[in-house]
Number of protein chains: 2
Amino acid sequence: MLVDESAATTKQSKEPAMIKDVFKLVEGYPRVPITVDCVIFGFDQNVLKVLLIRSDIEMFRGKWSLLGDFAHDDEELDGAAYRVLQSRTGMEDVYLEQVKTFSNPKRHPGGRVLTVAYCSLLNTEHHALKILDNELHWHAVKNLQKEDMAFDHKEILDTCHAWLQKRMMEHPLGLTLLPEKFSLRELQNLYEGVLDVKLDRRNFRKKFFSMDFLIDTGEYEDDVPHRPGRLYRFDYKKYEHNKRKWTGIEF
Amino acid sequence: MLVDESAATTKQSKEPAMIKDVFKLVEGYPRVPITVDCVIFGFDQNVLKVLLIRSDIEMFRGKWSLLGDFAHDDEELDGAAYRVLQSRTGMEDVYLEQVKTFSNPKRHPGGRVLTVAYCSLLNTEHHALKILDNELHWHAVKNLQKEDMAFDHKEILDTCHAWLQKRMMEHPLGLTLLPEKFSLRELQNLYEGVLDVKLDRRNFRKKFFSMDFLIDTGEYEDDVPHRPGRLYRFDYKKYEHNKRKWTGIEF
DNA sequence: TCAAAAGTGTTCATTATACACCCATGA
DNA sequence: TCATGGGTGTATAATGAACACTTTTGA
């Protein structure tokens, strides 16, 4: 019923033919075009946004597309995603993580193309868009319909959005979406906006203060039409050091 | 600083050249061989095991390899992984989920080959191995060293093991590793074995009973050299129905 | 002085943790 | 009768959830 390890080892006598030429082996594999698609989230005006361009493909005229490109020869996919991000937005030092590979053979009208989706988060204030080809701009995530987007990009976006919601409960990822100095109100708006929930203000503060990852800058908001809030920075070093003990945020 | 949506829309006048021939577009993309690799976990004798074969590649002689194959033309990767699982083990109706894509250009000695890792869980008792080519057998996960495995398969295994540990806290995945009827001791052994922790027996029972997903079969263990434990089944229907409310298991 | 959001504590309910004894079975 | 693990409850600590008033600022 179950093959014991020692039993398996003794059967080594009838050894199958070994493959000697690995290059020839790989030659024989079918090949598939690979792209990366970046789902780049930003947070602005208390709304979760995603960076899109107009598709330059005739049959998707007017539809929105994620930033993507095919993978170059001998390029690692993380590198390809980073290249896309940099070349299309001019931004550097950006959080980027692989989320999922989409392989439906019909997902690209020009034939089978695999795509590996990456999720990225950045601060719309501190990262000005330098290149504006193809109407590159921030688009509110909530308003996007499947029909508005090229390829299976709505599905990819939804997958990455769900991924972000989950991940934001486990790691303080979301903080990369905020300016370096932020008020607790902004932080709460971020969590409420991304998770699409309402949270109790006092409990939210308590929760974050008890994590002890916020550094009080001593500064205050400016230009607000009400009492200005304190500004905090996130203590990334402390977080990196303690993250093993940290099991996440729960609301 | 930030491009407003309406502003972007008005720029539509200077439209770039549109791509009409999508087939020609895809033709121009570089192509890469794609494989799937299945990390198939089993649980036996209170030990987490993984299903491996001997590599049939000369330069990896004697090393262990995950079950994998290249993706066929127009084959979705989920399908390819399932095909690998079925053709190599004869098993059906198996849990299978995509985990991560590995793209290091040096990961395959025969040239660049992307691989998409899938994780699968099955019950070693109920799924007898039907095909035993290449010494297909269960190998204890703990004892495997990087040098024992072909390609980057140790890295893939580690990634999937970490994934499983995390996922088992969020979903009762692990139950597919057990026989249909199981005792609470077996269930606890499973959690302890996969997560590599010790748990309090009374609290573990309370936790699982309070989730209310266990159905008492009224039957008892047999052939045990001590008082036999009650056997339970997992109420998958109830779980499916309630899983939105369910936020996971925590120890 | 008004509007708007900042800042702040307590109570109650729930959940996690730690811990020890008797029971049923096979050998 | 003994060894082995099955089965059970309680007390304490920690955490989450609900909730209202005063303060500060700009308009």
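Numbers restart at 1 for each chain; the letters A, B, ... are given by sequence-line order, proteins then strands. Everything numeric in this text was worked out from a predicted model, so none of it was measured.
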Starting at CZ of A:Phe209 and ending at C1' of C:dA6, how long is that distance when rounded to a whole Å? 11 Å
So, taking the atom named CG in A:Leu173 and the one named NZ in A:Lys166, what distance separates them when rounded to the nearest 0.5 Å? 12.0 Å
Once base and sugar-phosphate atoms are separated, protein heavy atoms under 4.0 Å mark nucleotides 19-27 of chain D, 5' to 3', with B, S and - as BB--BBBS-
Would you give the length of the straight line joining atom CG of B:Asp152 to atom CG of B:Leu66, rounded to the nearest 0.5 angstrom? 9.0 Å
What is the distance from atom NE2 of A:His161 to atom CZ of A:Phe41, rounded to the nearest 0.5 Å? 6.0 Å
B:Glu240 and B:Lys237 ion-paired at < 4.0 Å: no
Calculate the interatomic distance between B:Arg185 atom CZ and C:dC23 atom C1'; express it in whole Å. 16 Å
Take the protein atom CG of A:Leu231 and the nucleotide atom C1' of C:dG7, then report the distance between them rounded to whole Å. 15 Å
Listed by chain and number, what are the side-chain contact (heavy atoms from CB on, under 4.5 Å) partners of A:His226, not counting sequence neighbours? A:Glu221, A:Val224
Round to a whole Å and report the spacing from CZ of A:Phe208 to P of D:dG16. 13 Å
Using whole Å, report how far CZ of B:Phe204 lies from C1' of C:dT15. 17 Å
d(NZ, B:Lys207; C1', C:dT17) in whole Å: 10 Å
Provide, to the nearest angstrom, the distance between the CG atom belonging to A:Asn46 and the P atom belonging to C:dA5. 11 Å
Quick one: which of D:dG16, D:dG6, C:dT8 gets closest to the side chain of B:Arg205? D:dG6
Name all residues meeting the side-chain contact (heavy atoms from CB on, under 4.5 Å) criterion together with B:Asp196; count only those two or more places apart in sequence or in a different chain, and write none if there are none. B:Lys142
Could you state the atom-to-atom distance from OH of A:Tyr220 to P of C:dA5 in whole Å? 19 Å
